[in-house]
> 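This is the structure I have questions about; it appears just below.
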Amino acid sequence: MFDLPKKTPMGELILLDTFEFYEFPRLFSAKSKTGALYLGLSIFDDYEEFEWLYVAISPDRIKELINQRLCLHTVFSKPENEYLFKVYTNINGDTRFEYILPEQLTADDLPIPETRLKIECKVKHYGLGEVDPKIAAVSSVRETFNFHLYPWDTQLPELSSRSLGNILLSTQELVDALGQFCENGTPLLKGAISADILQKTRLNTCQIFEGSFGIQFKSAHVSDLFDDSLSGRAINELLGLLSAQDNEDNLSNKLHLLKGRVASKYRSLLKEINRLGSGVKFDWGSPNSAHGGRLELTKAQVEKAHSIVDKIDVQMSESVEIKAKLIGINVRTKRYEISEVETDVSYSGKVSIEAIGDIEHAIINNNYIVTLKKLIETKSSSGDETIKWVLVALKDS
């Protein structure tokens with residue numbers, strides 16, 4: 001009763017997974033000898049004659065189906081190849097086929113909208129998916145971007161586990177902060193970002209790949225019917241930040257527009273990439289044809305951009321001026337320690353580049369008028385804050 005079709009442009013097919021079965025497989029995946037994947041759907045039978053729809057499907061898209069992020073109606077009504085095969089078989093083993101466009105299908109031919117797979121047993125492994133973010137984004141209907149890194153200390157596709165973890169966290173927190181800007185327009189510097197925004201901007205790391213050290217990120221959720229998503233808008237702002245490259249005016253204008261915690265989060269990401277002694281290539285694919293893009297920053301540009309953003313982050317922060325005793329200073333490491341005269345509260349931290357001239361001839365235990373900038377680093381999810389004080393001026397009292 002059930003035989004996979006022969007002598008069609010799909011080639012000889014092998015049955016992979018059966019997703020629905022009633023008397024014979026009604027919905028299933030199949031693979032050709034050359035590795036092409038197809039999803040087959042029974043649309044008519046009278047025990048003698050049978051009609052089927054076959055649609056070519058990528059590993060990315062079939063995984064979205066299995067994970068119930070995509071519905072069956074979308075797969076058959078919006079085929080990746082823009083056409084399907086309609087196959088006719090009978091109990092005598094005869095097969096004929098025709099190419100068919102999705103707009104030629106009737107409502108009776110298509111699965112009911114929003115119908116999703118019900119997986120009741122273990123399915124086959126369909127691989128890691130497409131590395132090219134543009135292809136992967138269209139197949140999965142999810143925002144997809146790749147970072148290519150070039151660590152200075154190895155020719156192998158390897159990266160320190162600590163560095164990788166920091167880059168993943170910095171990227172997610174930067175996209176969270178940009179998502180807050182896109183959603184609210186006036187993001188807050190303090191406090192946790194709302195759970196609703198964090199849910200919409202959540203990224204998954206899908207795979208790593210060779211050719212430098214490549215990391216692929218995908219939005220955790222599929223885009224809506226209009227191919228719009230908050231994660232897509234946030235990534236578009238990330239592209240705008242990277243487009244400023246190492247131009248101080250462009251970076252300043254962009255960061256002052258974005259406000260909130262974006263500057264500190266971008267500084268954190270640049271810091272981690274700079275620590276690798278690496279340049280970075282950003283390659284973004286989107287289900288929205290108006291979005292997407294590619295940019296590359298050299299090692300020198302990353303280093304300069306980090307220095308500029310570090311300075312802008314300090315400039316944008318709150319400042320205080322106090323009378324304090326100089327407890328310790330290290331010009332080489334650019335570190336200081338002071339004690340406020342009135343309250344005996346101690347402060348320590350980094351000295352800004354602009355204040356190096358002020359501290360070079362400062363005398364330990366003398367009192368000075370000290371200007372400090374308050375940097376607040378906030379974890380997106382918990383709202384936990386780390387406060388750092390940067391010394392930006394030191395004058396005789």
Side-chain angles (χ1 to χ4, degrees), residues 60 63 67 69 128-133 136-137 140 142-154 156-182 192-193 195 197-221 229-239 241-242 261-286 294-297 299 302 305-306 309-310 313 377-384 386:
D60 285 295
K63 286 187 293 182
N67 289 321
R69 294 193 186 100
L128 291 175
E130 179 60 53
V131 171
D132 187 317
S140 61
R142 295 161 68 189
E143 302 294 337
T144 307
F145 66 89
N146 296 346
F147 272 150
H148 298 257
L149 302 167
Y150 310 90
W152 65 272
D153 59 346
T154 179
L156 301 173
E158 296 179 1
L159 198 64
S160 151
S161 297
R162 183 173 289 107
S163 296
L164 176 59
N166 290 340
I167 286 170
L168 296 179
L169 180 61
S170 298
T171 302
Q172 179 65 77
E173 293 200 333
L174 176 57
V175 172
D176 291 338
L178 291 167
Q180 187 187 39
F181 167 80
C182 294
I193 295 175
I197 291 175
L198 294 178
Q199 178 72 5
K200 292 176 180 177
T201 56
R202 183 161 64 90
L203 302 173
N204 290 342
T205 308
C206 300
Q207 59 179 316
I208 56 176
F209 48 87
E210 295 186 43
S212 69
F213 184 93
I215 314 168
Q216 185 170 97
F217 297 85
K218 280 188 179 179
S219 59
H221 305 285
S229 65
L230 182 59
S231 58
R233 283 177 275 143
I235 296 167
N236 195 45
E237 293 294 344
L238 173 57
L239 178 66
L241 265 179
L242 292 168
R261 67 196 85 193
V262 172
S264 66
K265 299 306 180 188
Y266 190 41
R267 174 171 58 84
S268 296
L269 178 59
L270 290 172
K271 177 183 177 182
E272 295 303 328
I273 298 173
N274 191 43
R275 276 180 172 173
L276 294 174
S278 171
V280 60
K281 183 169 74 174
F282 172 80
D283 196 2
W284 172 32
S286 174
R294 176 183 293 182
L295 269 169
E296 188 164 1
L297 272 68
K299 174 185 173 182
V302 168
H306 173 247
V309 174
D310 193 31
D313 194 22
E377 296 186 352
T378 310
K379 289 186 177 179
S380 300
S381 55
S382 65
D384 293 343
T386 301

> What closest approach, in Å, do Ser231 and Glu143 show between heavy atoms, and which atom pair accounts for it?
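That closest heavy-atom pairing would be OG-CG, 3.8 Å.
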> Check step by step if side chain to side chain contact (heavy atoms under 4.5 Å, CB included) holds for Ile273 and Leu297.
CA-CA 11 Å; Ile273 298 173; Leu297 272 68; over 6 Å; no
> Main chain of Gly214, side chain of Asn146: is a donor-acceptor contact present, judged purely on distance under 3.5 Å?
no
> Let's go through Ile197 and Asp176 carefully: what are the C-alpha distance in whole Å and the side-chain angles of both, what is the deciding distance for side chain to side chain contact (heavy atoms under 4.5 Å, CB included) to 0.1 Å, and is it a yes or a no?
CA-CA 7 Å; Ile197 291 175; Asp176 291 338; 5.9 Å; no
> What heavy-atom pair brings Ala137 and Ser286 nearest, and what distance separates the two atoms?
CB-N, 3.5 Å
> Taking atom types as modelled, find out whether Gln199 and His221 have a side-chain donor-acceptor pair closer than 3.5 angstrom.
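A pair is found: one side chain offers a donor N or O, the other an acceptor, under 3.5 Å apart.
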> Hey, mind stepping through Trp284 and Asn236 against side chain to side chain contact (heavy atoms under 4.5 Å, CB included) and telling me if it holds?
CA-CA 9 Å; Trp284 172 32; Asn236 195 45; 3.5 Å; yes
> I want to check something: taking the side chain as every heavy atom from C-beta on, are Ile235 and Phe282 in contact at a cut-off of under 4.5 Å?
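A side-chain contact exists here, since the closest heavy-atom pair is under 4.5 Å.
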> Assess whether side chain to side chain contact (heavy atoms under 4.5 Å, CB included) is satisfied between Asn204 and Arg142, documenting all intermediate values.
CA-CA 11 Å; Asn204 290 342; Arg142 295 161 68 189; 3.6 Å; yes
> Using atom types as modelled and distance alone, determine if a side-chain donor or acceptor of Asn274 lies under 3.5 Å from a backbone N or O of Leu270.
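No; judged by distance alone, with no hydrogens or angles, the pair does not exist.
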> Hey, is the main chain of Pro133 close enough, under 3.5 Å, to the side chain of Gln216 for a donor-acceptor pair?
no
> For the residue pair Cys182 and Leu230, establish whether any side-chain heavy-atom pair is separated by less than 4.5 Å.
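Of all side-chain heavy-atom pairs linking Leu230 with Cys182, at least one is under 4.5 Å.
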> If you round to the nearest 0.5 Å, how far is CG of Leu269 from CG of Leu241?
9.5 Å
> Could you state the interatomic distance from NZ (Lys265) to CG (Asp313), rounded to the nearest 0.5 Å?
10.0 Å
> Is there a donor-acceptor contact under 3.5 Å from the side chain of Thr205 to the main chain of Leu203?
no
> Give me the atom names and distance for the closest heavy-atom approach of Arg261 to Ala177.
CG-CB, 3.7 Å
> Is Lys281 atom NZ crowded by more than 12 heavy atoms from other residues, nucleotides or ligands, each under 6.0 Å away?
yes
> Please examine the side chains of Val302 and Leu276, heavy atoms only from C-beta on, and report whether any two atoms are closer than 4.5 Å.
no
> Could you tell me whether the side chain of Phe213 reaches within less than 4.5 Å of the side chain of Leu164, counting heavy atoms only?
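Heavy-atom side-chain distance check passes, below 4.5 Å.
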> Which label fits Phe147 and Phe145: parallel for a plane angle under 30°, tilted from 30 to 60°, or perpendicular past 60°?
perpendicular
> Atom CZ of Phe209 and atom CD of Glu130: how far apart are they, to the nearest 0.5 Å?
10.5 Å
> Would you call Leu149 and Ile167 a side-chain contact if the rule is heavy atoms closer than 4.5 Å?
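They are in contact (side-chain heavy atoms under 4.5 Å apart), so the answer is yes.
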> Between Gln172 (side chain only) and Thr201 (backbone N and O only), is there a donor and an acceptor less than 3.5 Å apart?
yes
> How far apart are the closest heavy atoms of Gly279 and Tyr150, and which atoms are they?
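Heavy atoms of Gly279 and Tyr150 come nearest at O-CD1, 3.6 Å.
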> Compare all side-chain heavy atoms of Ile215 with those of Leu168 and state whether any distance is below 4.5 angstrom.
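Ile215 vs Leu168: side chains touch.
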> Which pair of heavy atoms, one from Lys218 and one from Ala136, lies closest together, and at what distance?
CE-CB, 4.2 Å
> Could you state the interatomic distance from NE2 (His306) to OH (Tyr266), rounded to the nearest 0.5 Å?
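It comes to 11.0 Å.
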